[in-house]
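What follows is one structure encoded as C-alpha coordinates, with my remarks underneath.
Owing to the predicted nature of the structure, the values given are computational and were not obtained by experimental measurement. We use all heavy atoms of the structure for the numbers below, so side chains are in, but hydrogens, waters and symmetry mates are not. Residue numbers begin at 1 in each chain, while the letters A, B, ... track the order of the sequences.
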Amino acid sequence: MSPRKAYQDELNELGERMNMMGSMAREAITLAAKSFEDLDLSLVERVRELDEKAYETLVKTEKGIIKIIALHAPVAGDLRYVTTSLKITTDFDRIVRYAKDIAEITERVKASNLRHFKVLVSIPRISEMAVSMVDLAVESFLEGDLDKTEEVFVLEDRVDSLYDEIFREVLTYMMENSANITMGMNYQFVARYLERIADHACNIAERTVYMKTGERVEK
Amino acid sequence: MGESSAKIETRELDAYFGSNKAVKGIDIKVKANHATAIIGPSGCGKSTFIRCLNRMHEVVPGTRVTGEVLLEGEDIYSRGTNPVDVRRRVGMIFQKPNPFPNASIFDNVAYGLRMNGIRDKAFIQEQVERSLKQAALWDEVKDNLDASGVSISGGQQQRLCIARAMAIEPEVLLMDEPCSALDPIATSKIEDLIFDLKNDYTVIIVTHNMQQAARVADWTAFMYLGELIEFNKTKRLFENPEEELTERYITGRFG
(Lines give C-alpha, C1' and ligand atoms only; values in the text may rest on other atoms or scores of the structure.)
Protein backbone atom coordinates (compact mmCIF):
# COMPACT_ATOMS: atom_id res chain seq x y z
CA MET A 1 0.00 0.00 0.00
CA SER A 2 1.34 3.42 -0.89
CA PRO A 3 2.24 5.64 2.08
CA ARG A 4 -0.28 8.22 0.96
CA LYS A 5 -3.05 5.65 0.83
CA ALA A 6 -1.97 4.29 4.21
CA TYR A 7 -2.15 7.79 5.66
CA GLN A 8 -5.61 8.38 4.25
CA ASP A 9 -6.75 4.99 5.55
CA GLU A 10 -5.41 5.77 9.00
CA LEU A 11 -7.21 9.12 9.01
CA ASN A 12 -10.43 7.38 7.92
CA GLU A 13 -10.01 4.77 10.61
CA LEU A 14 -9.56 7.54 13.15
CA GLY A 15 -12.79 9.11 11.91
CA GLU A 16 -14.62 5.80 12.39
CA ARG A 17 -13.28 5.41 15.91
CA MET A 18 -14.26 8.96 16.82
CA ASN A 19 -17.71 8.26 15.43
CA MET A 20 -17.89 5.10 17.54
CA MET A 21 -16.81 6.90 20.71
CA GLY A 22 -19.32 9.64 20.02
CA SER A 23 -22.14 7.10 19.65
CA MET A 24 -21.09 5.30 22.81
CA ALA A 25 -21.04 8.56 24.76
CA ARG A 26 -24.50 9.42 23.50
CA GLU A 27 -25.95 6.04 24.30
CA ALA A 28 -24.32 5.84 27.74
CA ILE A 29 -25.61 9.17 28.91
CA THR A 30 -29.11 8.61 27.54
CA LEU A 31 -29.39 5.22 29.25
CA ALA A 32 -27.82 6.35 32.51
CA ALA A 33 -30.15 9.32 32.84
CA LYS A 34 -33.13 7.10 32.09
CA SER A 35 -31.98 4.43 34.55
CA PHE A 36 -31.91 7.02 37.32
CA GLU A 37 -35.19 8.71 36.44
CA ASP A 38 -37.10 5.40 36.19
CA LEU A 39 -34.91 3.64 38.76
CA ASP A 40 -34.53 0.95 36.11
CA LEU A 41 -31.73 -1.51 36.85
CA SER A 42 -32.01 -3.23 33.48
CA LEU A 43 -30.12 -0.39 31.79
CA VAL A 44 -27.20 -0.34 34.20
CA GLU A 45 -25.33 -3.28 32.75
CA ARG A 46 -25.35 -1.78 29.26
CA VAL A 47 -23.88 1.47 30.60
CA ARG A 48 -21.10 -0.44 32.30
CA GLU A 49 -20.42 -2.32 29.09
CA LEU A 50 -20.26 0.96 27.19
CA ASP A 51 -17.80 2.32 29.72
CA GLU A 52 -15.47 -0.62 29.12
CA LYS A 53 -15.82 -0.45 25.35
CA ALA A 54 -15.30 3.30 25.33
CA TYR A 55 -12.08 2.88 27.28
CA GLU A 56 -10.83 0.19 24.89
CA THR A 57 -11.65 2.44 21.95
CA LEU A 58 -9.93 5.36 23.66
CA VAL A 59 -6.71 3.37 23.99
CA LYS A 60 -6.85 2.22 20.36
CA THR A 61 -7.64 5.72 19.16
CA GLU A 62 -4.72 7.20 21.05
CA LYS A 63 -2.39 4.57 19.64
CA GLY A 64 -3.67 5.28 16.14
CA ILE A 65 -3.14 9.03 16.62
CA ILE A 66 0.39 8.57 17.95
CA LYS A 67 1.16 6.41 14.94
CA ILE A 68 -0.20 9.03 12.56
CA ILE A 69 1.88 11.75 14.22
CA ALA A 70 5.03 9.62 14.30
CA LEU A 71 4.81 8.32 10.74
CA HIS A 72 3.05 11.03 8.79
CA ALA A 73 3.74 14.26 10.69
CA PRO A 74 0.36 15.77 9.78
CA VAL A 75 0.10 19.53 9.18
CA ALA A 76 -2.56 22.17 8.62
CA GLY A 77 -6.15 20.83 8.61
CA ASP A 78 -4.93 17.28 9.23
CA LEU A 79 -2.88 18.42 12.20
CA ARG A 80 -5.86 20.22 13.70
CA TYR A 81 -8.11 17.23 13.09
CA VAL A 82 -5.68 14.77 14.66
CA THR A 83 -4.82 16.88 17.72
CA THR A 84 -8.47 17.77 18.24
CA SER A 85 -9.34 14.08 18.14
CA LEU A 86 -6.62 13.35 20.69
CA LYS A 87 -8.02 15.98 23.04
CA ILE A 88 -11.67 15.07 22.74
CA THR A 89 -11.21 11.33 23.16
CA THR A 90 -10.66 12.31 26.79
CA ASP A 91 -13.95 14.22 26.82
CA PHE A 92 -15.75 11.20 25.38
CA ASP A 93 -14.17 8.95 27.96
CA ARG A 94 -15.13 11.30 30.81
CA ILE A 95 -18.71 11.56 29.57
CA VAL A 96 -19.08 7.78 29.56
CA ARG A 97 -17.44 7.60 32.98
CA TYR A 98 -19.95 10.07 34.46
CA ALA A 99 -22.75 8.10 32.81
CA LYS A 100 -21.45 5.01 34.59
CA ASP A 101 -21.35 6.93 37.89
CA ILE A 102 -24.99 7.90 37.42
CA ALA A 103 -25.95 4.30 36.62
CA GLU A 104 -24.16 3.16 39.76
CA ILE A 105 -26.16 5.66 41.81
CA THR A 106 -29.29 4.00 40.41
CA GLU A 107 -27.89 0.69 41.60
CA ARG A 108 -27.23 1.99 45.11
CA VAL A 109 -30.66 3.60 45.33
CA LYS A 110 -32.29 0.30 44.38
CA ALA A 111 -30.07 -1.66 46.77
CA SER A 112 -31.16 0.58 49.67
CA ASN A 113 -34.81 0.42 48.61
CA LEU A 114 -34.95 4.20 48.21
CA ARG A 115 -37.44 5.99 45.97
CA HIS A 116 -37.82 9.41 44.46
CA PHE A 117 -39.41 11.56 47.14
CA LYS A 118 -40.99 13.81 44.54
CA VAL A 119 -41.92 13.79 40.91
CA LEU A 120 -38.68 14.66 39.10
CA VAL A 121 -38.86 17.80 36.99
CA SER A 122 -35.50 19.56 36.89
CA ILE A 123 -33.33 16.46 36.67
CA PRO A 124 -35.05 15.15 33.51
CA ARG A 125 -34.69 18.65 32.11
CA ILE A 126 -30.98 18.96 32.82
CA SER A 127 -30.39 15.42 31.55
CA GLU A 128 -32.32 16.17 28.37
CA MET A 129 -30.18 19.25 27.83
CA ALA A 130 -26.96 17.38 28.56
CA VAL A 131 -27.96 14.63 26.13
CA SER A 132 -28.74 17.21 23.41
CA MET A 133 -25.44 18.93 24.07
CA VAL A 134 -23.52 15.68 23.68
CA ASP A 135 -25.55 14.92 20.52
CA LEU A 136 -24.88 18.33 19.05
CA ALA A 137 -21.21 18.36 20.06
CA VAL A 138 -20.55 14.94 18.57
CA GLU A 139 -22.36 15.86 15.36
CA SER A 140 -20.63 19.22 15.12
CA PHE A 141 -17.27 17.48 15.42
CA LEU A 142 -18.04 14.69 12.97
CA GLU A 143 -19.67 16.97 10.43
CA GLY A 144 -17.52 20.03 11.15
CA ASP A 145 -20.75 21.98 11.59
CA LEU A 146 -20.15 25.25 13.44
CA ASP A 147 -23.87 26.10 13.72
CA LYS A 148 -24.19 23.10 16.01
CA THR A 149 -21.29 24.23 18.18
CA GLU A 150 -23.11 27.54 18.67
CA GLU A 151 -26.17 25.66 19.88
CA VAL A 152 -23.96 23.80 22.36
CA PHE A 153 -22.66 27.10 23.76
CA VAL A 154 -26.21 28.40 24.20
CA LEU A 155 -27.28 25.26 26.05
CA GLU A 156 -24.17 25.34 28.23
CA ASP A 157 -25.29 28.57 29.89
CA ARG A 158 -28.77 27.17 30.50
CA VAL A 159 -27.37 24.00 32.02
CA ASP A 160 -25.21 26.02 34.38
CA SER A 161 -28.10 28.08 35.70
CA LEU A 162 -30.38 25.06 35.91
CA TYR A 163 -27.71 23.26 37.92
CA ASP A 164 -27.58 26.14 40.39
CA GLU A 165 -31.36 26.01 40.73
CA ILE A 166 -31.34 22.26 41.33
CA PHE A 167 -28.65 22.65 43.94
CA ARG A 168 -30.68 25.18 45.92
CA GLU A 169 -33.96 23.35 45.45
CA VAL A 170 -32.63 20.02 46.65
CA LEU A 171 -30.92 21.70 49.56
CA THR A 172 -34.29 23.09 50.62
CA TYR A 173 -35.88 19.63 50.53
CA MET A 174 -33.06 18.24 52.62
CA MET A 175 -33.39 21.01 55.19
CA GLU A 176 -37.15 20.54 55.41
CA ASN A 177 -36.95 16.86 56.13
CA SER A 178 -33.85 14.97 57.11
CA ALA A 179 -35.40 11.79 55.67
CA ASN A 180 -34.80 13.36 52.26
CA ILE A 181 -31.06 13.74 52.78
CA THR A 182 -29.85 10.44 51.33
CA MET A 183 -31.95 10.72 48.19
CA GLY A 184 -31.30 14.46 48.08
CA MET A 185 -27.56 13.80 47.98
CA ASN A 186 -28.13 11.41 45.09
CA TYR A 187 -29.98 14.17 43.23
CA GLN A 188 -27.07 16.51 43.92
CA PHE A 189 -24.60 14.03 42.54
CA VAL A 190 -26.65 13.16 39.46
CA ALA A 191 -27.21 16.84 38.68
CA ARG A 192 -23.52 17.52 39.21
CA TYR A 193 -22.48 14.68 36.89
CA LEU A 194 -24.90 15.88 34.23
CA GLU A 195 -23.49 19.38 34.53
CA ARG A 196 -19.96 17.94 34.11
CA ILE A 197 -21.11 15.98 31.06
CA ALA A 198 -22.50 19.18 29.57
CA ASP A 199 -19.17 20.84 30.27
CA HIS A 200 -17.32 18.10 28.37
CA ALA A 201 -19.76 18.53 25.47
CA CYS A 202 -18.84 22.20 25.55
CA ASN A 203 -15.13 21.32 25.41
CA ILE A 204 -15.79 19.18 22.34
CA ALA A 205 -17.57 22.11 20.70
CA GLU A 206 -14.72 24.51 21.54
CA ARG A 207 -12.18 22.07 20.09
CA THR A 208 -14.31 21.68 17.00
CA VAL A 209 -14.17 25.43 16.45
CA TYR A 210 -10.37 25.22 16.62
CA MET A 211 -10.34 22.26 14.26
CA LYS A 212 -12.39 24.12 11.67
CA THR A 213 -10.95 27.62 12.00
CA GLY A 214 -7.57 27.35 13.72
CA GLU A 215 -8.83 29.80 16.35
CA ARG A 216 -9.21 28.91 20.00
CA VAL A 217 -12.46 29.93 21.70
CA GLU A 218 -13.26 29.78 25.39
CA LYS A 219 -16.90 29.64 26.44
CA MET B 1 17.24 50.57 9.19
CA GLY B 2 15.61 48.71 12.08
CA GLU B 3 16.48 45.13 12.91
CA SER B 4 13.19 43.68 11.87
CA SER B 5 12.73 45.62 8.65
CA ALA B 6 13.21 44.07 5.21
CA LYS B 7 16.75 42.96 4.47
CA ILE B 8 15.84 41.76 1.03
CA GLU B 9 12.77 42.77 -0.86
CA THR B 10 11.68 41.75 -4.35
CA ARG B 11 9.27 43.67 -6.52
CA GLU B 12 7.54 42.03 -9.45
CA LEU B 13 10.47 39.72 -9.89
CA ASP B 14 10.37 37.59 -13.02
CA ALA B 15 13.08 35.15 -14.04
CA TYR B 16 13.34 33.43 -17.40
CA PHE B 17 15.19 30.53 -18.95
CA GLY B 18 15.00 31.58 -22.58
CA SER B 19 11.29 32.19 -23.17
CA ASN B 20 10.26 30.04 -20.22
CA LYS B 21 9.22 32.13 -17.24
CA ALA B 22 10.30 30.24 -14.13
CA VAL B 23 9.59 32.91 -11.54
CA LYS B 24 6.47 35.02 -11.93
CA GLY B 25 5.98 38.42 -10.41
CA ILE B 26 7.22 37.72 -6.90
CA ASP B 27 6.81 40.40 -4.27
CA ILE B 28 8.28 39.47 -0.94
CA LYS B 29 9.90 41.19 2.01
CA VAL B 30 12.41 39.09 3.90
CA LYS B 31 13.19 40.26 7.40
CA ALA B 32 16.71 40.80 8.65
CA ASN B 33 18.00 38.34 11.25
CA HIS B 34 15.30 35.81 10.61
CA ALA B 35 15.32 32.46 8.86
CA THR B 36 12.89 32.25 5.99
CA ALA B 37 12.10 28.93 4.32
CA ILE B 38 10.90 28.48 0.77
CA ILE B 39 8.92 25.35 0.05
CA GLY B 40 7.10 24.06 -3.00
CA PRO B 41 7.11 21.17 -5.44
CA SER B 42 10.05 20.44 -7.71
CA GLY B 43 10.24 22.85 -10.59
CA CYS B 44 8.18 25.54 -8.84
CA GLY B 45 11.00 28.06 -9.15
CA LYS B 46 12.31 28.08 -5.58
CA SER B 47 15.96 27.62 -6.49
CA THR B 48 15.70 29.99 -9.43
CA PHE B 49 14.12 32.54 -7.13
CA ILE B 50 16.91 32.49 -4.56
CA ARG B 51 19.52 32.49 -7.31
CA CYS B 52 18.06 35.81 -8.39
CA LEU B 53 18.80 37.17 -4.92
CA ASN B 54 22.55 37.14 -5.45
CA ARG B 55 22.65 37.42 -9.23
CA MET B 56 23.54 33.77 -9.73
CA HIS B 57 20.65 33.19 -12.12
CA GLU B 58 22.28 35.28 -14.83
CA VAL B 59 25.40 33.10 -14.95
CA VAL B 60 23.36 30.49 -16.85
CA PRO B 61 23.35 31.35 -20.58
CA GLY B 62 20.02 32.47 -22.02
CA THR B 63 18.57 33.60 -18.72
CA ARG B 64 17.04 36.92 -17.84
CA VAL B 65 15.68 38.68 -14.76
CA THR B 66 13.22 41.56 -14.64
CA GLY B 67 11.83 43.44 -11.69
CA GLU B 68 13.72 44.59 -8.62
CA VAL B 69 15.68 42.94 -5.86
CA LEU B 70 16.37 45.42 -3.10
CA LEU B 71 19.19 44.64 -0.70
CA GLU B 72 18.72 47.10 2.14
CA GLY B 73 16.74 49.26 -0.23
CA GLU B 74 19.28 49.24 -3.09
CA ASP B 75 18.41 47.42 -6.30
CA ILE B 76 21.13 44.81 -6.91
CA TYR B 77 20.26 44.82 -10.61
CA SER B 78 20.72 48.54 -11.05
CA ARG B 79 23.27 49.67 -13.59
CA GLY B 80 26.71 49.95 -12.10
CA THR B 81 26.22 47.34 -9.43
CA ASN B 82 28.96 44.75 -9.52
CA PRO B 83 27.55 41.20 -9.23
CA VAL B 84 30.69 40.11 -7.41
CA ASP B 85 29.98 42.67 -4.68
CA VAL B 86 26.43 41.41 -4.46
CA ARG B 87 27.61 37.82 -4.06
CA ARG B 88 30.02 38.90 -1.35
CA ARG B 89 27.12 40.35 0.61
CA VAL B 90 24.73 37.53 -0.24
CA GLY B 91 26.43 34.15 0.14
CA MET B 92 25.16 30.83 -1.06
CA ILE B 93 25.28 27.22 0.12
CA PHE B 94 24.36 24.51 -2.34
CA GLN B 95 22.62 21.19 -2.17
CA LYS B 96 25.75 19.10 -2.45
CA PRO B 97 28.75 20.13 -0.39
CA ASN B 98 31.31 21.47 -2.87
CA PRO B 99 34.58 22.20 -1.08
CA PHE B 100 37.53 22.91 -3.37
CA PRO B 101 38.91 19.39 -3.84
CA ASN B 102 42.55 20.35 -4.17
CA ALA B 103 42.64 22.65 -1.18
CA SER B 104 43.06 21.98 2.52
CA ILE B 105 40.32 22.68 5.04
CA PHE B 106 42.16 25.85 6.01
CA ASP B 107 42.60 27.05 2.45
CA ASN B 108 38.96 26.35 1.61
CA VAL B 109 37.90 28.84 4.24
CA ALA B 110 40.71 31.29 3.55
CA TYR B 111 40.07 31.31 -0.19
CA GLY B 112 37.43 34.05 -0.22
CA LEU B 113 39.55 36.31 1.93
CA ARG B 114 42.60 35.89 -0.28
CA MET B 115 40.45 36.46 -3.37
CA ASN B 116 39.42 39.73 -1.79
CA GLY B 117 43.05 40.77 -1.58
CA ILE B 118 43.59 40.12 2.10
CA ARG B 119 47.23 39.14 2.79
CA ASP B 120 47.46 39.63 6.55
CA LYS B 121 48.22 36.08 7.75
CA ALA B 122 47.22 36.66 11.37
CA PHE B 123 43.92 38.14 10.26
CA ILE B 124 43.25 35.24 7.88
CA GLN B 125 44.10 32.78 10.65
CA GLU B 126 41.66 34.52 12.94
CA GLN B 127 38.87 34.64 10.39
CA VAL B 128 39.29 30.98 9.46
CA GLU B 129 39.07 29.98 13.11
CA ARG B 130 36.08 32.24 13.72
CA SER B 131 34.25 30.94 10.66
CA LEU B 132 34.91 27.30 11.48
CA LYS B 133 33.69 27.93 15.02
CA GLN B 134 30.58 29.66 13.73
CA ALA B 135 29.95 26.73 11.44
CA ALA B 136 30.29 24.41 14.45
CA LEU B 137 33.13 22.56 12.77
CA TRP B 138 36.21 23.89 14.57
CA ASP B 139 36.36 21.26 17.32
CA GLU B 140 36.21 18.47 14.77
CA VAL B 141 38.92 19.75 12.41
CA LYS B 142 41.19 22.04 14.45
CA ASP B 143 43.98 19.45 14.63
CA ASN B 144 43.62 18.58 11.00
CA LEU B 145 43.42 21.88 9.14
CA ASP B 146 45.87 20.77 6.47
CA ALA B 147 43.77 17.77 5.46
CA SER B 148 41.99 17.96 2.15
CA GLY B 149 38.59 19.63 2.17
CA VAL B 150 37.05 16.50 0.68
CA SER B 151 38.63 14.08 3.17
CA ILE B 152 36.00 14.81 5.81
CA SER B 153 32.41 13.49 6.01
CA GLY B 154 29.56 14.91 3.91
CA GLY B 155 28.06 16.71 6.88
CA GLN B 156 31.45 18.18 7.78
CA GLN B 157 31.99 19.21 4.16
CA GLN B 158 28.69 21.06 4.17
CA ARG B 159 29.65 22.88 7.36
CA LEU B 160 33.01 23.63 5.74
CA CYS B 161 31.13 25.25 2.84
CA ILE B 162 29.12 27.27 5.34
CA ALA B 163 32.35 28.35 7.04
CA ARG B 164 33.77 29.27 3.64
CA ALA B 165 30.71 31.38 2.89
CA MET B 166 30.85 33.06 6.28
CA ALA B 167 34.54 33.87 6.22
CA ILE B 168 33.89 36.90 4.05
CA GLU B 169 31.11 38.03 6.42
CA PRO B 170 28.11 38.14 4.13
CA GLU B 171 24.88 39.72 5.34
CA VAL B 172 22.55 37.18 3.82
CA LEU B 173 23.03 33.42 3.46
CA LEU B 174 21.06 31.61 0.79
CA MET B 175 20.84 27.87 1.26
CA ASP B 176 19.56 25.64 -1.49
CA GLU B 177 18.55 22.30 0.05
CA PRO B 178 21.64 22.30 2.28
CA CYS B 179 20.73 19.06 4.06
CA SER B 180 19.32 16.93 1.29
CA ALA B 181 22.53 14.92 0.97
CA LEU B 182 23.07 14.57 4.72
CA ASP B 183 22.06 12.02 7.36
CA PRO B 184 19.77 13.04 10.25
CA ILE B 185 22.64 13.78 12.66
CA ALA B 186 24.51 15.99 10.20
CA THR B 187 21.15 17.55 9.29
CA SER B 188 20.37 18.43 12.88
CA LYS B 189 23.83 20.01 13.24
CA ILE B 190 23.18 22.20 10.21
CA GLU B 191 19.73 23.06 11.52
CA ASP B 192 21.15 24.05 14.90
CA LEU B 193 23.65 26.12 13.03
CA ILE B 194 20.96 27.90 11.00
CA PHE B 195 19.18 28.63 14.25
CA ASP B 196 22.32 30.30 15.65
CA LEU B 197 23.22 32.02 12.39
CA LYS B 198 20.04 34.01 12.24
CA ASN B 199 21.21 36.05 15.19
CA ASP B 200 23.78 37.62 12.90
CA TYR B 201 22.61 36.84 9.38
CA THR B 202 19.48 36.80 7.31
CA VAL B 203 19.00 33.19 6.23
CA ILE B 204 16.88 32.05 3.32
CA ILE B 205 16.62 28.31 2.93
CA VAL B 206 15.04 26.32 0.14
CA THR B 207 13.93 22.95 1.39
CA HIS B 208 11.83 20.01 0.32
CA ASN B 209 11.66 18.82 3.87
CA MET B 210 8.66 20.53 5.40
CA GLN B 211 9.56 19.49 8.92
CA GLN B 212 12.88 21.19 8.36
CA ALA B 213 11.15 24.39 7.35
CA ALA B 214 8.92 24.08 10.41
CA ARG B 215 11.93 23.53 12.66
CA VAL B 216 14.29 26.25 11.51
CA ALA B 217 12.31 29.02 9.83
CA ASP B 218 10.41 31.91 11.38
CA TRP B 219 8.68 32.64 8.09
CA THR B 220 7.78 30.28 5.28
CA ALA B 221 6.97 30.99 1.66
CA PHE B 222 5.09 28.49 -0.48
CA MET B 223 5.73 28.68 -4.22
CA TYR B 224 3.83 26.92 -6.97
CA LEU B 225 4.36 27.12 -10.73
CA GLY B 226 6.68 30.08 -10.32
CA GLU B 227 4.28 32.08 -8.19
CA LEU B 228 4.38 32.96 -4.52
CA ILE B 229 1.15 31.48 -3.19
CA GLU B 230 1.52 32.21 0.50
CA PHE B 231 4.06 33.91 2.72
CA ASN B 232 3.28 33.56 6.37
CA LYS B 233 4.68 32.96 9.81
CA THR B 234 5.85 29.32 9.82
CA LYS B 235 3.60 28.32 12.70
CA ARG B 236 0.59 29.81 10.97
CA LEU B 237 1.43 28.24 7.62
CA PHE B 238 1.73 24.73 9.03
CA GLU B 239 -1.11 24.98 11.52
CA ASN B 240 -3.69 26.96 9.64
CA PRO B 241 -2.62 28.12 6.18
CA GLU B 242 -4.63 30.85 4.51
CA GLU B 243 -4.55 29.40 1.03
CA GLU B 244 -6.31 26.21 -0.02
CA LEU B 245 -3.40 25.42 -2.34
CA THR B 246 -0.91 25.59 0.55
CA GLU B 247 -3.12 23.31 2.61
CA ARG B 248 -3.30 20.77 -0.20
CA TYR B 249 0.44 20.83 -0.83
CA ILE B 250 1.59 20.50 2.77
CA THR B 251 -0.95 17.79 3.62
CA GLY B 252 0.16 15.81 0.57
CA ARG B 253 -3.16 16.06 -1.31
CA PHE B 254 -1.73 17.46 -4.45
CA GLY B 255 -2.27 16.59 -8.07
Which pairs would a plain distance check flag for residues 171-182 of chain B, meaning a side-chain donor or acceptor within less than 3.5 Å of a matching protein atom at least two apart in sequence or in another chain?
unit_1: B/Glu171; atom_1: OE1; unit_2: B/Lys7; atom_2: NZ; d: 3.0
unit_1: B/Glu171; atom_1: OE1; unit_2: B/Arg89; atom_2: NH2; d: 3.1
unit_1: B/Glu171; atom_1: OE2; unit_2: B/Arg89; atom_2: NE; d: 2.7
unit_1: B/Asp176; atom_1: OD1; unit_2: B/Ser47; atom_2: OG; d: 3.1
unit_1: B/Asp176; atom_1: OD2; unit_2: B/Ser47; atom_2: OG; d: 3.0
unit_1: B/Glu177; atom_1: OE2; unit_2: B/His208; atom_2: N; d: 3.0
unit_1: B/Glu177; atom_1: OE2; unit_2: B/His208; atom_2: ND1; d: 2.6
unit_1: B/Ser180; atom_1: OG; unit_2: B/Gln95; atom_2: NE2; d: 3.2
unit_1: B/Ser180; atom_1: OG; unit_2: B/Glu177; atom_2: O; d: 3.3

Got a list of side-chain donor-acceptor pairs under 3.5 Å for residues 17-28 of chain A, not counting sequence neighbours?
unit_1: A/Arg17; atom_1: NH2; unit_2: A/Glu13; atom_2: OE2; d: 3.1
unit_1: A/Ser23; atom_1: OG; unit_2: A/Asn19; atom_2: O; d: 2.9
unit_1: A/Arg26; atom_1: NE; unit_2: A/Asp135; atom_2: OD1; d: 3.4
unit_1: A/Arg26; atom_1: NH1; unit_2: A/Glu139; atom_2: OE2; d: 3.4
unit_1: A/Glu27; atom_1: OE1; unit_2: A/Arg46; atom_2: NH2; d: 3.0
unit_1: A/Glu27; atom_1: OE2; unit_2: A/Arg46; atom_2: NE; d: 2.8
unit_1: A/Glu27; atom_1: OE2; unit_2: A/Arg46; atom_2: NH2; d: 3.3

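Residue A/Gly214 comes nearest to B/Glu239 through the heavy atom pair O-OE2, 4.5 Å, listed as atom of the first residue, atom of the second, then distance. Nearest heavy atom pair, residue A/Ala76 against residue B/Thr251, reads CB-CG2, 4.0 Å. Annotation for B/Asn240 and A/Thr213: closest pair ND2-O, 2.6 Å, computed over non-hydrogen atoms.
Atom CZ of A/Phe167 sits in a sparse spot, with 12 or fewer heavy atoms from other residues, nucleotides or ligands closer than 6.0 Å. Remark: A/Phe189 CZ is loosely packed, at most 12 non-hydrogen atoms of other residues, nucleotides or ligands lying under 6.0 Å away.
Heavy-atom distances place no part of A/Thr83 under 4.5 Å from chain B, backbone and side chain included.
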